[in-house]
Amino acid sequence: MKRALITGITGQDGSYLAELLLEKGYKVYGLTRRSSTNINSRIEHLLSKVELLSGDLLDGSSLLSAVEESRPDEVYNLAAQSFVQTSWNQPTLTADFTAVGVTRVLEAVRKAAPKAKFYQASSSEMFGKVQAVPQIESTPFYPRSPYGVAKLYGHWITINYRESFNMHATSGILFNHESPRRGIEFVTRKISYHAALIKHGLATELRLGNLDAKRDWGFAGDYVEAMWLMLQQDQPDDFVISTNETHTVKEFVELAFERADLDWKKYVKIDEKFMRPAEVDLLIGDAAKAKQKLGWEPKTSFKQLVNMMVDSDLELVKGLKV
């Protein structure tokens, strides 16, 4: 039985990845931070099947203990301070967690499980002020937020450990990927959730920032399969994972409100406080390399993704009214 350790198992991607690995017969360990609130809601249905270990990306000794205890064949580092907006308010914490935290995980793996295959969750936010359209693995990076800068450090330190210590260390440069399990603070989930609230009479408006920002949005459930495929390769490498399509925030709003049978123009208000200090205007990835080498391509269309999220939130909000 293969063994996998997932940092960030309680997040959107961690929960989908845990499901996938369990289906494939893995023994799955998940790293969680001690918290006074219930952070396990996304993996509630998996708690009897996975083993949770206490640890923190800010504490190297806890990571070493987790790797020693789990003795993993594969390590998926998905934990991060992952909200771009928060990275402006907490830039040093974001750096310590999302950047230096990767080094701490790599060090723990190097010392306690040097033969393990390592996956680093890199991000399309590293491209930021894009230098080429579409973006591929060799496109120069130009991050535009403390989050993007931190992710770029994590990306390069992973390459550094691969080349310096001959580790099977791979980075997936994932473009935006969403799902009904997305955090409520992210714009896509904010839109689907507010459409549901408005539909059920529990809200009267939705405040957003830049409606013209363009993103390459896919389904998180599809993207975790790409992570797994990367660690099944004989040689470590880096891969862009994307849908090769771009859509505006406004398009997402239109589809979401249409699914809820609402006229978005009556409810959506532009609010300056949701504008980023430095905007990333256009992200669109070309996942040709992943298709060729991994045999991966997205299964879920943009419209299917939006409908899935709105349908889920309509059900969720209906439950709140009871």
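Throughout, numbering of the chain's residues begins at 1 and tracks the sequence. What's counted below: heavy atoms across the whole structure, side chains too, no hydrogens, waters or symmetry copies. Small disclaimer: the values here were computed from a predicted structure and weren't measured.
Ion pair Lys289/Asp237 flagged as a salt bridge, since at least one NZ, NE, NH1 or NH2 atom sits closer than 4.0 Å to an Asp/Glu carboxylate oxygen. Salt-bridge check for Glu225 with Lys299: passed, with a basic side-chain N closer than 4.0 Å to an acidic carboxylate O. Taking a cutoff of 4.0 Å between a charged side-chain nitrogen and a carboxylate oxygen, Glu205 and Arg207 qualify as a salt bridge. Ion pairing between a basic and an acidic side chain is recognised when a charged N comes within 4.0 Å of a carboxylate O; Lys199 and Asp313 show no such pairing. Under the 4.0 Å criterion applied to side-chain N and carboxylate O atoms, Arg3 and Glu74 are not assigned as salt-bridge partners.
Dense packing is recorded around CD of Gln232, with more than 12 heavy atoms of other residues, nucleotides or ligands lying under 6.0 Å away. Crowding of Trp156 atom CH2: a count of heavy atoms from other residues, nucleotides or ligands under 6.0 Å not exceeding 12. When the shell of 6.0 Å around CZ of Phe165 is examined, it contains more than 12 heavy atoms from other residues, nucleotides or ligands. Other residues, nucleotides and ligands contribute only 12 or fewer heavy atoms inside 6.0 Å of the CG atom of Asp261. Counting non-hydrogen atoms of other residues, nucleotides and ligands closer than 6.0 Å to CG of Asn89 gives a total above 12. More than 12 heavy atoms of other residues, nucleotides or ligands shown are found within 6.0 angstrom of NZ on Lys190. Annotation: Lys269, atom NZ; neighbour count of heavy atoms from other residues, nucleotides and ligands within 6.0 Å is above 12.
Judged purely by distance below 3.5 Å, without hydrogens or angles, the side chains of Thr139 and Gln131 never pair a donor atom with an acceptor atom. A donor and an acceptor atom, one from each side chain of Thr158 and Gln120, are nowhere located under 3.5 Å apart. Judged by distance alone, the side chains of Asn40 and Thr10 never bring a donor and an acceptor atom under 3.5 Å apart. Residues Glu19 and His45 have side chains that bring a donor and an acceptor to within less than 3.5 angstrom of each other. A donor and an acceptor atom, one from each side chain of Thr98 and Gln81, are nowhere located under 3.5 Å apart. Side-chain contact, Asp222 with Thr300: a donor N or O sits under 3.5 Å from an acceptor N or O. Of the N and O atoms on the side chains of Thr188 and Arg182, not one donor lies less than 3.5 Å from an acceptor on the other residue.
When atom types are taken as modelled, the side chain of Thr94 and the backbone of Gln90 share a donor-acceptor pair closer than 3.5 angstrom. Using a distance-only test at 3.5 Å, with no hydrogens or angles considered, a donor-acceptor pair links the side chain of Thr246 to the main chain of Leu283. In terms of modelled atom types and a separation under 3.5 Å, the side chain of His200 and the main chain of Leu314 share a donor-acceptor contact. Checking side-chain atoms of Glu23 against main-chain N and O of Leu20 turns up no donor-acceptor pair under 3.5 Å. Not one N or O on the side chain of Glu245 forms a donor-acceptor pair closer than 3.5 Å with the backbone of Ile284. A distance-only check finds a donor-acceptor pair linking the side chain of Thr7 to the backbone of Ala79 [under 3.5 Å]. Under the 3.5 Å distance criterion, the side-chain polar atoms of His194 are left unmatched by any main-chain donor or acceptor of Ser192. Judged by distance alone, with hydrogens and angles left aside, the side-chain atoms of Asp216 form a donor-acceptor pair with the main-chain N or O of Gly285 at under 3.5 Å. Side-chain atoms of Lys117 come within 3.5 Å of backbone N or O of Gln233 as a donor-acceptor pair. Put simply, the side chain of Glu315 never gets that close to the backbone of Ser312: no donor and acceptor are under 3.5 Å apart.
Taking the side chain as every heavy atom from C-beta outward, Val249 and Asn210 never approach each other to under 4.5 Å. Residues Phe118 and Asn77 form a side-chain contact, since some pair of their non-hydrogen atoms from C-beta on lies under 4.5 Å apart. In this structure, Leu78 and Met227 have side chains that are in contact, with non-hydrogen atoms separated by less than 4.5 Å. Between Asp286 and Ser242 the shortest side-chain heavy-atom distance does not fall below 4.5 Å. No side-chain heavy atom of Ile173 sits under 4.5 Å from any side-chain heavy atom of Ser123.
Both the sub-6.0 Å distance and the 45° axial angle are not jointly satisfied by Lys2 relative to the ring of Tyr26. Under the 6.0 Å distance and 45° angle rule, Lys151 does not count as a cation-pi partner of Tyr153. Figure legend: cation-pi geometry between Lys291 and Trp296 absent, as NZ or CZ is not positioned both under 6.0 Å from the six-membered ring centre and within 45° of its axis. A cation-pi geometry, defined here as NZ or CZ lying under 6.0 Å from the six-membered ring centre and within 45° of its normal, does not hold between Arg189 and Phe186.
The aromatic ring centroids of His155 and Phe141 lie less than 6.0 Å from each other. For Tyr16 and Tyr223, the distance between ring centers is not under 6.0 angstrom.
The heavy-atom pair separating Ser15 from Arg181 by the smallest distance is OG-NH1, 3.0 Å. When all heavy atoms are compared, the tightest approach of Ala196 to Val317 is CB-CG2, 3.7 Å. A pairwise comparison of heavy atoms in Asn307 and Arg259 identifies OD1-CD, 3.3 Å as the closest pair. Taking each heavy atom of Phe219 and Ser179 in turn, the nearest pair found is CE1-CB, 3.8 Å. Ile136 approaches Phe127 most closely through the heavy-atom pair O-CZ, 3.5 Å. Contact record, Gly148 with Met126: O-CG, 4.0 Å, taken as the closest heavy-atom pair.
For the salt bridge (charged side-chain N to carboxylate O under 4.0 Å, His left out) with Arg104, the qualifying choice from Asp96, Asp59, Asp56 is Asp96, the only one to do so.
The aromatic rings of Phe302 and Trp217 sit parallel, their planes meeting at an angle under 30°, below the 60° perpendicular limit.
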